[in-house]
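Here's the structure, in structure tokens; my notes come after.
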Amino acid sequence: NMRYFSGAIRSFAGSRLGDGDLPPEILYAEGTFIHDISAQYNASEKTAIFFGVDNLFEADLPPGVYGAGFGGANYDAIGRYFYGGVSFSF
């Protein structure tokens, strides 16, 4: 899976900030790709083993984005993370 987040210009309370109001690296967020991979092995008809990595290349958040506000909910605030497990059907 690959996700793309386009660049953006920050605005606060509905008013757009102008040049010079904030440093350029804070005012403008550049676009980025985030890659996720996962695999599943069906060990039997009722058992599956799975594993995955989200944010495989650990793409950095735009400066000042912490998982809330300014589209922060779109980003993985914790960076790269791994998961895995086993599922059973009854």
Pairs meeting criterion ring-ring contact (aromatic ring centres under 6.0 Å, His included) with involvement of residues 38-57, two or more places apart |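 Qualifying pairs, neighbours excluded: H35-F57.
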What residues, two or more places apart in sequence or in another chain, satisfy side-chain hydrogen bond (donor to acceptor under 3.5 Å, both in side chains) together with Q40?
->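 Per chain and number, Q40 pairs via side-chain hydrogen bond (donor to acceptor under 3.5 Å, both in side chains) with N42.
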To the nearest 0.5 Å, tell me how far F82 CZ sits from I37 CD1.
->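 If I round to the nearest 0.5 Å, the distance is 8.5 Å.
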Output the distance between atom CD1 (I34) and atom CG (L56), rounded to the nearest 0.5 Å.
-> 11.5 Å
Show which side-chain atoms of residues 83-90 pair as donor or acceptor with protein atoms under 3.5 Å away, not counting sequence neighbours.
none

Hydrophobic clusters join Ile, Leu, Val, Met, Phe, Trp and Tyr when side-chain heavy atoms are under 4.5 Å apart, directly or via other members; which others share one with F33?
->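 Members alongside F33: M2, Y4.
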